A.B. asks: 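Dumping the structure here so I can ask a few things about it.
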Amino acid sequence: MRAIWKGAVSFGLVNVPVRLFSATENHDVQFRQVHEKDGGRIKYQRVCSIDGEEVPYSDIAKGYEAADGQMVVLTDEDLKSLPTRSTKEISIEKFVPSEQIDPLLFDKSYYLEPDKTGLKPYVLLRDALEKADRMALVTVSVRTRMTLAVLRVRDGVIVLQTLLWADEVRAPEFESLSEETHATAKELAMASSLVDSLSGDYEPEEFEDDYAEAVTQLVATKIEGGDITETPEAKGEETEVVDLLAALQRSVDKAKAAKTGGSPSDSGSSDEGAATKTAAKPAAKKATTTKTTAKKTTAKKTAKATAKTTTKKAAAKKAS
């Protein structure tokens, strides 16, 4: 496990340095939204509902919709003015009886592990909680905003469980239960008998997620049978590169036009003309080289012929 937060539990005048770990993990089966025809994954774009344009993430702000439908846009400066606590402290407010915390209030659970230097005060706090049979009501800022939580002991480890605020729990308002209706004594006796026959201890290993197991088996069967869809590579990245190159070329043309005082199209034309001239120069050099080589070869042949003629004349004189 990897720690997601580091801080200290403030226990009177004692500080207990701890690390925070997620106590639970989600094993729900995750499905992707894909195009049924070719298996391509579905992508979503951030599009403005007014102008229909795609909005880059850097231009997205937080907005609060009022009851009348009006939108209040909050800037980063506005959010900085809000009361936030970024202290790395778990502050114990009081110790309360365990039965006073309704399980409905429990939100997320985390394990607290002590640092090496804080092992002894950690054990002291853990043992004190177990002996008192109470929960420590604390305030903590795991990310940005302060929240309520409780500390309790589970299997020798202190567990931090964040709590919902009181106004986040709905009141059960059901008209069908508004009338005073109760079971008869005979019905209650039969129900009590049924409860007794089904009584037992909770053993988590007795239960399993048969849906997740069935989905896994179904997928494995399809793979073994070759019932899979080969999805081609997405074309989005290539298009983005091409668009980037086109934008860079337009920027270069615009910069050249600004220097010469012409338009970007004129700059493109001059570039083409310059390219044509540049291409023509190597051809001209090649032709010149060919002519020079031909001249040198002709000169060599003439020199050889002259040498032969001179040799023949000298031989004829000797003979006479």
Side-chain angles (χ1 to χ4, degrees), residues 1-31 62 76 79-80 82-171 201-213 215-216:
M1 293 188 294
R2 187 176 66 178
I4 62 174
W5 183 87
K6 292 182 180 181
V9 179
S10 177
F11 179 35
L13 298 178
V14 178
N15 276 356
V16 186
V18 294
R19 292 187 295 271
L20 200 69
F21 298 84
S22 293
T24 61
E25 56 186 2
N26 189 355
H27 287 169
D28 287 346
V29 177
Q30 301 292 329
F31 292 107
K62 289 181 172 62
D76 292 339
L79 295 176
K80 287 179 182 179
L82 297 176
T84 59
R85 295 185 184 178
S86 57
T87 58
K88 298 292 185 178
E89 182 183 32
I90 301 174
S91 178
I92 296 179
E93 304 294 332
K94 62 176 70 174
F95 294 91
V96 299
S98 301
E99 62 272 11
Q100 289 185 1
I101 305 296
D102 189 338
L104 192 62
L105 293 171
F106 289 146
D107 190 13
K108 296 181 181 179
S109 302
Y110 303 92
Y111 291 130
L112 292 184
E113 180 192 28
D115 282 347
K116 293 181 180 179
T117 58
L119 179 59
K120 192 169 183 178
Y122 180 94
V123 171
L124 174 63
L125 176 59
R126 180 195 64 187
D127 294 348
L129 286 172
E130 285 186 318
K131 183 178 181 181
D133 191 24
R134 287 175 176 257
M135 292 184 181
L137 186 65
V138 303
T139 54
V140 60
S141 299
V142 177
R143 288 182 174 83
T144 55
R145 56 179 295 183
M146 187 269 291
T147 185
L148 280 176
V150 294
L151 299 181
R152 65 185 185 88
V153 180
R154 180 181 185 273
D155 296 336
V157 178
I158 297 178
V159 176
L160 182 144
Q161 288 189 276
T162 58
L163 300 177
L164 300 173
W165 297 103
D167 59 357
E168 293 180 308
V169 178
R170 292 179 174 179
D201 295 326
Y202 172 59
E203 300 292 342
E205 296 78 11
E206 294 180 1
F207 305 92
E208 60 184 15
D209 187 357
D210 55 351
Y211 177 77
E213 185 178 350
V215 171
T216 303

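Please read all numbers here as calculations on a predicted model, not as lab measurements.
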A.B. asks: For Thr147, which residues count as a side-chain hydrogen bond (donor to acceptor under 3.5 Å, both in side chains) partner, sequence neighbours excluded?
C.D. replies: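 Once residues adjacent in sequence are excluded, Thr147 has no partner under the side-chain hydrogen bond (donor to acceptor under 3.5 Å, both in side chains) criterion.
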A.B. asks: For residues 146-171, which residue pairs pass the salt bridge (charged side-chain N to carboxylate O under 4.0 Å, His left out) check, not counting sequence neighbours?
C.D. replies: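 As it turns out, there is no salt bridge (charged side-chain N to carboxylate O under 4.0 Å, His left out) pair with a partner in residues 146-171 once direct neighbours are skipped.
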A.B. asks: Is there any side-chain hydrogen bond (donor to acceptor under 3.5 Å, both in side chains) pair reaching into residues 117-132, and which pairs are they, with sequence neighbours excluded?
C.D. replies: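 Every pair satisfying side-chain hydrogen bond (donor to acceptor under 3.5 Å, both in side chains) with a residue in residues 117-132: there are none.
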A.B. asks: Does Thr216 have any side chain to side chain contact (heavy atoms under 4.5 Å, CB included) partners at least two apart in sequence or in another chain, and if so, which?
C.D. replies: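 Side chain to side chain contact (heavy atoms under 4.5 Å, CB included) list for Thr216, sorted by chain: empty.
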A.B. asks: Show which side-chain atoms of residues 100-109 pair as donor or acceptor with protein atoms under 3.5 Å away, not counting sequence neighbours.
C.D. replies:
from: Asp102; atom 1: OD1; to: Leu104; atom 2: N; distance (Å): 3.0
from: Ser109; atom 1: OG; to: Gln161; atom 2: NE2; distance (Å): 3.0

A.B. asks: Report the C-alpha distance between Leu151 and Leu112 in whole Å, list the side-chain angles of each, state the deciding distance to 0.1 Å, and finish with yes or no for side chain to side chain contact (heavy atoms under 4.5 Å, CB included).
C.D. replies: CA-CA 9 Å; Leu151 299 181; Leu112 292 184; 3.8 Å; yes
A.B. asks: Got a sec, which residues hit side chain to side chain contact (heavy atoms under 4.5 Å, CB included) with Asp210, two or more places apart in sequence or on another chain?
C.D. replies: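 With sequence neighbours excluded, Asp210 shows a side chain to side chain contact (heavy atoms under 4.5 Å, CB included) to no residue whatsoever.
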A.B. asks: Hey, are the side chains of Ser98 and Asp133 touching, using non-hydrogen atoms and a 4.5 Å cut-off?
C.D. replies: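 Yes; the side chains approach each other to less than 4.5 Å.
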A.B. asks: Output all residues satisfying side chain to side chain contact (heavy atoms under 4.5 Å, CB included) with Tyr202, sequence neighbours left out; order by chain, then residue number.
C.D. replies: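 Side chain to side chain contact (heavy atoms under 4.5 Å, CB included) list for Tyr202, sorted by chain: Pro204, Phe207.
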A.B. asks: List the residues meeting side chain to side chain contact (heavy atoms under 4.5 Å, CB included) with Ala212, not counting sequence neighbours, and say none if there are none.
C.D. replies: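 Expected list: Val29, Asp209.
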A.B. asks: Can you list everything that forms a side-chain hydrogen bond (donor to acceptor under 3.5 Å, both in side chains) with Glu213? Sequence neighbours excluded, please.
C.D. replies: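 With sequence neighbours excluded, Glu213 shows a side-chain hydrogen bond (donor to acceptor under 3.5 Å, both in side chains) to no residue whatsoever.
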A.B. asks: Going by heavy atoms in the side chains, are Tyr111 and Val159 under 4.5 Å from each other?
C.D. replies: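 A side-chain contact exists here, since the closest heavy-atom pair is under 4.5 Å.
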A.B. asks: What I'd like to find out is whether the side chain of Ile90 reaches to under 4.5 Å of the side chain of Trp5, using heavy atoms alone.
C.D. replies: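 Side-chain contact under 4.5 Å: yes.
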A.B. asks: Considering residues at least two apart in sequence or located in another chain, which fulfil the salt bridge (charged side-chain N to carboxylate O under 4.0 Å, His left out) criterion with Arg19?
C.D. replies: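 Arg19 satisfies salt bridge (charged side-chain N to carboxylate O under 4.0 Å, His left out) with Glu113, Asp115 once adjacent residues are dropped.
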